[in-house]
Amino acid sequence: MDKKFYLIGIVVDDRCKHACDVQEILTRNGSKILTRLGVHDPDEDMSIITLNVKADQEFVEQLVSQLASIDGVNVKKIELF
């Protein structure tokens, strides 16, 4: 399978509750994550994480599925090229 570049956006509600679960998934899949940027909203208990990933479509679908399976985590992906 061909590797492509993807942009993955993650919104984590109830950041204090779900941060460890998200971090575990990202660490497990870190070999294909080129860039990670995370910011939190100090007025809300939520965070936004963006990932740049170089991988095949199957890997990206599995990563998105793993993250989306966490209650309070919303994930969107864009295939760049």
Side-chain angles (χ1 to χ4, degrees):
M1 291 188 180
D2 291 330
K3 293 182 180 179
K4 297 181 180 182
F5 290 94
Y6 294 85
L7 179 64
I8 300 174
I10 307 163
V11 175
V12 182
D13 294 323
D14 199 358
R15 183 176 65 91
C16 292
K17 183 177 180 182
H18 301 296
C20 289
D21 295 331
V22 171
Q23 179 60 39
E24 181 182 325
I25 292 169
L26 296 180
T27 298
R28 214 174 33 234
N29 294 286
S31 64
K32 302 222 178 15
I33 297 172
L34 302 174
T35 306
R36 172 185 171 175
L37 173 66
V39 296
H40 72 277
D41 183 339
D43 296 328
E44 305 283 333
D45 186 25
M46 56 99 57
S47 63
I48 299 171
I49 302 169
T50 56
L51 305 175
N52 293 328
V53 176
K54 183 178 181 184
D56 58 55
Q57 184 176 1
E58 181 180 351
F59 172 86
V60 172
E61 294 296 336
Q62 289 176 358
L63 177 59
V64 168
S65 177
Q66 289 171 20
L67 290 164
S69 71
I70 301 170
D71 189 41
V73 175
N74 297 297
V75 186
K76 301 286 185 190
K77 70 172 174 62
I78 299 170
E79 181 181 311
L80 297 174
F81 55 91

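Only this structure's heavy atoms are used, side chains among them; waters, hydrogens and symmetry mates stay out.
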For the hydrophobic clusters of this structure (ILVMFWY residues joined by side-chain heavy atoms under 4.5 Å, transitively), does one cluster hold both [X] and [Y]?
| X | Y | result |
| --- | --- | --- |
| Leu37 | Leu26 | no |
| Ile70 | Ile48 | no |
| Leu80 | Leu34 | yes |

So, does Ser69 use its side chain to make a donor-acceptor pair with the main chain of Gln66 at under 3.5 Å?
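Side chain of Ser69 to backbone of Gln66: a pair is present.
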Glu61-Ser65 side chain donor-acceptor pair, cut-off 3.5 Å
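The answer is no; no qualifying pair exists.
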Does a sphere of radius 6.0 Å around CG in Asp71 hold more than 12 heavy atoms from other residues, nucleotides or ligands, not counting ones at 6.0 Å or beyond?
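For Asp71, atom CG is not crowded (no more than 12 foreign heavy atoms under 6.0 Å).
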Is the shortest heavy-atom distance from the side chain of [X] to the side chain of [Y] under 4.5 Å?
| X | Y | value |
| --- | --- | --- |
| Met46 | Asp14 | no |
| Val53 | Val60 | yes |
| Ile8 | Thr50 | no |

Go through it in stages, so that I can follow the logic: the residues are Asn52 and Leu7, the test is side-chain contact (heavy atoms from CB on, under 4.5 Å), and I'd like the CA-CA distance, side-chain angles, deciding distance and then a yes or no.
CA-CA 5 Å; Asn52 293 328; Leu7 179 64; 3.2 Å; yes
From [X] atom [atom1] to [Y] atom [atom2], the distance as rounded to the nearest 0.5 Å:
| X | Y | atom1 | atom2 | result |
| --- | --- | --- | --- | --- |
| Leu51 | Ile10 | CG | CD1 | 4.0 Å |
| Leu67 | Ile25 | CG | CD1 | 4.5 Å |
| Gln57 | Lys77 | CD | NZ | 6.0 Å |

Determine, step by step, whether Val12 and Asn74 satisfy the side-chain contact (heavy atoms from CB on, under 4.5 Å) criterion, reporting the C-alpha distance in whole Å, the side-chain angles of both residues, the deciding distance to 0.1 Å, and the verdict.
CA-CA 7 Å; Val12 182; Asn74 297 297; over 6 Å; no
Check Arg15 with Glu44, please: is the shortest side-chain N to carboxylate O separation under 4.0 Å?
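Looking at Glu44 and Arg15, the cut-off is not met.
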What pairs of residues pass the ring-ring contact (aromatic ring centres under 6.0 Å, His included) test when at least one of them lies in residues 2-56, not counting sequence neighbours?
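Only Phe5-Phe81 qualify under ring-ring contact (aromatic ring centres under 6.0 Å, His included).
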